[in-house]
Amino acid sequence: MPESFDLFVIGGGSGGVRAARIAAGHGAKVALAEEYRYGGTCVIRGCVPKKLLVLASRLADEFERAPAWGWQVDGARFDWATLREAKDRELARLESIYRDGLSRAGVRTIDSRAVLDGPGRVRLLASGETVGAARVLVATGGTPYVPDIPGAGLAITSNEVFDLPELPARMVIEGGGFIAVEFACLLQRLGVQVTLVYRGDLILRRFDDDLRRHLDAAMRDAGIAIRTGETITAIERWGNGLRALTDRGAALDAEQVMLAVGRVPNTNGLGLETVGAEVDARGAIRVADDSRTTAEGVWAVGDVTDRLALTPVAIREGHAFADTVFGAEPWTCDHEDVPQAVFATPEIGTVGLTEAQARERFARVDVYRSSFRPMSNVLARRVERMLVKLVVDRDTDRVLGVHLCGPDAAEMIQLAGIAVKMKATKRQFDQTVAVHPTAAEELVTMRQPVDA
Ligand code: NDP
């Protein structure tokens, strides 16, 4: 008789780990299989190592600002290998926390690729063994999309960039989304000369237009070459490096080319057809609000469902699934008004509707906007400005969106997100006394709409 579990989780990333631990806490017999490293994209090659690199890169700005504040920082020099190794130690520490958390919760961890093998069965490819599973949760995440162009294999993606043996002198990055923009900013500050190639006319397509323009200008000021309306059509070896050819006839030479043109759900070869779980045209598993797939006894959470590809969302989806199915507490993850950050420099914090979305849905929209030099730049005579913007429904006075670009925008938007989620009005923002002197005080001191 094969061993049997109440729940078998495929994938040890943010969503799968949370679901497994909570389900085990509700008394279920749970197994979780992971083919690579525990922690998933977020911990191993996403949010966490990226943020470490971002923090390291911003020290470049501090060194530049320091003399105006009376500090002499002589001989500052960056060493990639030191940072890479420190980052690897931190990831190993976090991975072991994930593993320990699972075993403390009583979850059986299996280091193997696992695939569905018909209703109620999961096959472990490392041992060839098949186990029984009353319920299966697929939480296999996503992987970088690599376009089918000649020489694509010469390029790197966000999977490889964290472990480069050395930083290139020049890098061409394709894409205008989260990953392309974040890496362009951090690598430029670590001393790489970055060229960003984006097919659209302005980076970060789904974001508020003022934010997009503000960040685009700041990135250009930082020395990043941004080429819009252009696509890489081929990559070839050139001298000791590479050459990216574009549809506008350009030949861009660099030691590395990075493709950051989106991610695709990890559903290939998972055996979804053996249980009848449907996928959409992009390969994402179709799910209902409660993460139920079209197959009986199979659920899916996180990036593999292509709803909102963010770690905290996957965690909530996994938690809601476990409480609903194994606890006495049904709930679903709310995908509305999710605060988001882009860890560019300057960073973006955003929640709610963009101005354009608000104007489509509401008859009368007021916009409050302020742009100023943060104090950290004043003595150093740096020109970068901070942008603070509120989008308000004039009829109900409700704040529909908050959009920030500048230092600490990600920290600020977490808090502004509470107010937006509570459907706070502009009047309630205004009734809140400012914290002075801060950049965040602009959120509660803007009185005059820009279009009045
Ligand atoms: P995004 O969807 O954010 O961006 C993809 C970019 O690639 C877009 O600019 C898109 O252009 C462009 N693109 C897509 N297909 C092609 C193509 N065939 N040729 C040329 N360009 C193309 O994806 P990312 O890979 O940057 O990130 C994946 C997801 O991971 C994000 O959407 C986000 O959910 C998550 N993430 C979150 C982070 C955070 O919270 N800070 C950080 C990193 C990732 P267009 O705009 O024209 O469609």
Side-chain angles (χ1 to χ4, degrees), residues 13-15 40-55 141-150 152 155-162 172-186 196-209 211-212 215-216 219 226-235 244-248 252 257-266 281-282 284 302-315 317 335 338-351 354 404-405 409-411 413-414 417:
S14 303
T41 301
C42 174
V43 174
I44 304 301
R45 41 197 183 190
C47 328
V48 173
K50 181 273 312 285
K51 184 80 184 273
L52 294 173
L53 266 48
V54 167
L55 294 175
T143 195
Y145 163 65
V146 177
D148 185 16
I149 55 169
I156 58 167
T157 67
S158 58
N159 278 355
E160 293 80 32
V161 70
F162 294 107
V172 171
I173 301 179
E174 181 168 39
F178 281 81
I179 296 177
V181 162
E182 290 180 342
F183 274 92
C185 291
L186 78 88
L196 190 76
V197 178
Y198 174 45
R199 67 180 179 182
D201 58 354
L202 187 60
I203 54 168
L204 293 177
R205 184 161 53 86
R206 281 181 286 271
F207 287 71
D208 185 87
D209 287 342
L211 283 184
R212 301 168 71 195
L215 181 60
D216 175 83
M219 287 173 66
I226 302 182
R227 303 173 64 102
T228 54
E230 198 164 3
T231 304
I232 295 177
T233 50
I235 302 166
L245 304 172
T246 77
D247 60 352
R248 288 174 60 186
L252 307 172
V257 176
M258 175 169 159
L259 300 172
V261 289
R263 292 173 60 84
V264 287
N266 265 332
R282 281 174 43 83
D303 292 6
V304 76
T305 65
D306 202 21
R307 284 177 278 186
L308 200 46
L310 298 171
T311 297
V313 171
I315 290 173
E317 290 168 355
H335 295 93
V338 173
Q340 299 188 30
V342 182
F343 292 98
T345 303
E347 73 190 22
I348 282 181
T350 182
V351 64
T354 64
L404 311 171
C405 186
E411 304 290 340
I413 207 67
Q414 180 69 82

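As the structure lists them, so they are numbered: ligands from 1, and atoms in each ligand from 1. All of these numbers come straight from a predicted model, not from anything done at the bench.
- The protein atom (non-hydrogen) at minimum distance from atom 35 (C) of ligand 1 is Ala309 O, 3.2 Å.
- Between Gln340 and ligand 1 there is no heavy-atom distance shorter than 4.0 Å.
- Looking at every heavy atom in both residues, Ile235 comes nearest to Ala152 through CD1-CA, 4.4 Å.
- Residue-level proximity to ligand 1 for Leu310 is carried by the side chain, the only part with a heavy atom below 4.0 angstrom.
- Neither the backbone nor the side chain of Pro144 has any atom closer than 4.0 Å to an atom of ligand 1 (non-hydrogen atoms only).
- Between atom CD1 of residue Ile348 and atom CD1 of residue Ile203 there is a gap of 6.5 Å, rounded to the nearest 0.5 Å.
- In this structure, CG on Asn159 lies 11.5 Å from CG on Leu259, to the nearest 0.5 angstrom.
- When the options Phe178, Phe343, Phe207 are ranked by their closest heavy atom to atom 43 (C) of ligand 1, first place goes to Phe178.
- In this structure, SG in Cys185 is found 13.0 Å from CG in Leu53, a value given to the nearest 0.5 Å.
- The protein heavy atom nearest to atom 23 (O) of ligand 1 is Gly262 CA, 3.5 Å.
- By heavy-atom distance, the residue among Leu259, Asp247, Val261, Ile348 lying nearest atom 14 (C) of ligand 1 is Val261.
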Worked verdict on Ile226 versus Met219 for side-chain contact (heavy atoms from CB on, under 4.5 Å): CA-CA 8 Å; Ile226 302 182; Met219 287 173 66; 3.9 Å; yes
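- Close to ligand 1: Ala260, with a non-hydrogen atom less than 4.0 angstrom away.
- For a threshold of 3.5 Å applied to N or O pairs, the pair formed by Gly200 and ligand 1 contains no separation below that value.
- Taking a cut-off of under 4.0 Å to the non-hydrogen atoms of Arg206, the atoms of ligand 1 that pass are 2 (O).
- Judged purely by distance below 3.5 Å, without hydrogens or angles, the side chains of Thr246 and Arg248 never pair a donor atom with an acceptor atom.
- Residue contacts with ligand 1 for Ser158 are absent, since no atom lies close enough (heavy atoms, distance under 4.0 Å).
- In this structure, the separation between CE on Met258 and CD1 on Ile179 is 6.5 Å, given to the nearest 0.5 Å.
- For the pair Glu182 (side chain) and Phe343 (backbone), a donor-acceptor distance under 3.5 Å is present.
- Looking at Lys50, Gln340, Arg263 one by one, the single match for side chain to side chain contact (heavy atoms under 4.5 Å, CB included) with Phe178 turns out to be Gln340.
- From Arg205, atom CZ reaches atom CZ of Arg212 across 8.0 Å, with rounding to the nearest 0.5 Å.
- Set against the non-hydrogen atoms of Gly176, the atoms of ligand 1 under 4.0 Å away are 6 (C), 8 (C), 9 (O).
- Considering backbone and side-chain N/O atoms, Val342 never comes within less than 3.5 Å of an N/O atom of ligand 1.
- Nearest protein heavy-atom neighbour of atom 1 (P) of ligand 1: Gly177 CA, 4.1 Å.
- With ligand atoms numbered from 1 in the order given, ligand 1 contributes 41 (N), 42 (C) to contacts under 4.0 Å with heavy atoms of Lys50.
- In terms of N/O distances under 3.5 Å, ligand 1 is not approached by Ala180.
- Gln414 approaches Pro339 most closely through the heavy-atom pair NE2-CG, 4.4 Å.
- Contact annotation for Pro147 and ligand 1: no heavy atom of the residue comes within less than 4.0 Å of the ligand.
- Below 4.0 Å from some heavy atom of Ala341 lie the following atoms of ligand 1, by number and element: 39 (C), 40 (O), 41 (N).
- Of all protein heavy atoms, the one closest to atom 26 (O) of ligand 1 is Ile179 N, 2.8 Å.
- Nearest-residue assignment for atom 13 (N) of ligand 1 (options Arg205, Arg307, Arg199; heavy-atom criterion): Arg199.
- Between the CD atom in Glu230 and the OG1 atom in Thr233 there is a gap of 9.0 Å [rounded to 0.5 Å].
- Polar contact check, Thr231 against ligand 1: no nitrogen or oxygen pair lies under 3.5 Å apart.
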